[in-house]
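Everything numeric in this text was worked out from a predicted model, so none of it was measured. Numbering of ligands and ligand atoms starts at 1, following listing order. Atom set for the values below is all heavy atoms of this structure, side chains included, hydrogens, waters and symmetry mates excluded.
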Amino acid sequence: MKQIWWKNAVGYQIYPRSFQDSNNDGIGDLQGVIQRLDYLKDLGIDFIWMSPFYKSPLDDNGYDISDYQDILEDFGTLEDFDQLLKEIHKRNMKLLIDLVLNHTSDEHPWFIESRSSKSNPKRDWYIWRDGKNGTEPNNWESIFGGSAWEYDEKTDQYFLHVFSRRQPDLNWENKEVRKALFNMVNWWIDKGVDGFRIDAISHIKKRPGLPDMPNPEGKRYVSSFDMHMNQQGIQEFLQQFKDETYGKHDHILTVGEANGVSVHDAHHWVGKNGKMDMLFQFEHIDLWDYESDQGMDIIGVKQALTRWQKGLEKDGWNALYIENHDKPRIISSWGNEKEYWRESATSLATMYFLMKGTPFIYQGQEIGMTNGYYDSIQEYDDVAAINFYNEKKAEGMSNEEILFILGKTSRDNSRTPMQWSNEKNAGFSTSKPWIKINKNYVDINVENQLNDENSILNYYKKLIQIKKKHQIFLDGSYDLLLENDKQIFAYKRSLDGQTALIITNLSNENALWTSEDGNTVSREELLLSNYHVEPHEGTESINLKPFEARVYIINKT
Ligand code: GLC
Ligand code: CA
């Protein structure tokens, strides 16, 4: 029987480079994570997903792996890893590691062999093609900008890289490649990890023949997701992957990063006939548009999340999240970090946390960390940000304009060091951190918030507690309320005659909530709120303040 330990669990994502530095070289590490496990336990966390800590030249901050079975010196050693796993288990928590299977680093020995000659036995482990008319084999654009092909002088061919040019794509069509990857995954299972977050997994299958993208505008390179994302035939790869690795182990939790998977295909991915337990879908998070002055597209987000809630209602399970290491901070995009910092952080938290599914918190989200807003391109680290800068510069965009856009969109915004206290470098390290700390750490930090009953951190604690305590948040059905309201995101969960009402104003203005079914709510039924709520009788309407959130539980009498 499959052990389903993860439905009533809360996950926490650690970006190890920025979490806690134990030896003061300015870089977070595994021993640093050990130092903070009690903090996570106290918060109510059940399992950790840790971003890559493997050997890597760090072109994409560790998502470019040069040895899957060893630890980058910056982070520690395999002994440190074993100790970390033991310490996590000792506290009754679990660990998911990040599996990057679509590509390796160009410094991985497999790739070094593959590029050494056309006749090397590992040549076919990557995707090599001849050029066409003196240029790239096709017009695909890389997700990080520029061509998806890199020319290799030695053998006069190009290799494919959907991500950075230092992340060559593995050729999953080659069965030796699959076998080598599966062996590696089994090695980690034998080590005792509890599960995997599976990186970029929707990209492993490429369109046969690698055809050009249609190019009506005559661009040099064309966004090529349609050729390498969720392609026909991917399910056979996933099935084999499951059967030969985690499918043999009932306790392993798998969460796939599934860009481009819609709720219509979701049943191939999760549920009875699925290959994984949960997916990180992108539909709500992709609605962030920095160019819109409107901030959050509330109706769009409601529709996207509701589609997934309803779509997986009978079969499957949702991973719930609003932040990760690839997105700017949520308060800086969807919230209001200046006027309603605390309110918008807690209202957004309430909105997603009490839906049906397993919630994830990204490090620092629980204290309302904000975007980094760097003053110059030198302060950025992310390969995607730097490529973007160079590309726009070449197109003639001004420095100010590019920095403005990066301030709103760059992945580095969420990669700044964790703000533990108002000591030097936020208690992250006594040395200069690898990436600049957000100046606001003197105000926004864990220590301050532990001592403040009304802090964002203590609100998250309460959310975690109620989520686990009330069966209705685990099993209750989900129904969207006030579908067309442009300010309020409200829904109800129902179970055995009980109803939970989750009401969140996600706007900067007051908003009026009105019951659609004529049922009333009273102060006694209030379970959680992010403003002080005066006693009130049963009412059919509530005046909500900016970013006000309330949760009521109503028992049928
Ligand atoms: C995933 C990761 C991202 C990385 C990319 C390539 O999207 O979350 O950080 O850059 O895959 O591995
Ligand atoms: Ca360190």
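Annotation: atom 7 (O) of ligand 1 to nearest protein heavy atom, E257 OE2, 2.8 Å. For atom 2 (C) of ligand 1, the closest non-hydrogen atom of the protein is D199 OD1, 3.0 Å. The protein non-hydrogen atom at the shortest distance from atom 4 (C) of ligand 1 is D60 OD2, 3.3 Å. Here the heavy atom of the protein found nearest to atom 9 (O) of ligand 1 is D326 OD1, 2.7 Å.
Between the Ca ion (ligand 2) and D74 there is no N/O/S contact shorter than 3.0 Å. Using a cut-off of 3.0 Å, one finds that N23 contributes an N/O/S atom close to the Ca ion (ligand 2). Residue contacts to the Ca ion (ligand 2): G32 brings no N, O or S atom closer than 3.0 Å.
Taking 4.0 Å as the cut-off between side-chain N and carboxylate O, R411 and D382 count as a salt-bridged pair. Using a 4.0 Å cut-off between charged nitrogen and carboxylate oxygen, D59 and R165 do not count as a salt-bridge pair. Checked for salt-bridge contact, K179 and E176 miss the test: no charged N lies under 4.0 Å from a carboxylate O. A salt bridge is defined here as a Lys NZ or Arg NE, NH1 or NH2 lying under 4.0 Å from an Asp or Glu carboxylate O, and D38 with R91 meets this definition. Salt-bridge annotation for E141 and R220: absent, with no side-chain N of the basic residue lying under 4.0 Å from a carboxylate O of the acidic one.
The aromatic ring centroids of H284 and Y352 lie 6.0 Å or more from each other. Ring centroids of H108 and Y68 are separated by less than 6.0 Å, placing the two rings close together.
Residue H203 does not touch ligand 1, judged by heavy-atom distances below 4.0 Å. Proximity of R197 to ligand 1, defined as any heavy-atom pair under 4.0 Å, is confined to the side chain (atoms from C-beta onward). For Y15, no heavy-atom contact with ligand 1 is shorter than 4.0 Å.
The Ca ion (ligand 2) lies at the vertex of an angle of 90° between the OD1 atom of D25 and the OD1 atom of D21 (rounded to 10°).
The local environment of NE2 in H267 is crowded, with over 12 non-hydrogen atoms from other residues, nucleotides or ligands closer than 6.0 Å.
A heavy-atom separation below 4.0 Å is not found between K327 and ligand 1.
K436 forms no cation-pi arrangement with Y374, by the criterion of a distance under 6.0 Å to the ring centre and an angle within 45° of the ring axis.
When the N, O or S atoms of D29 are ranked by distance to the Ca ion (ligand 2), OD2 comes first.
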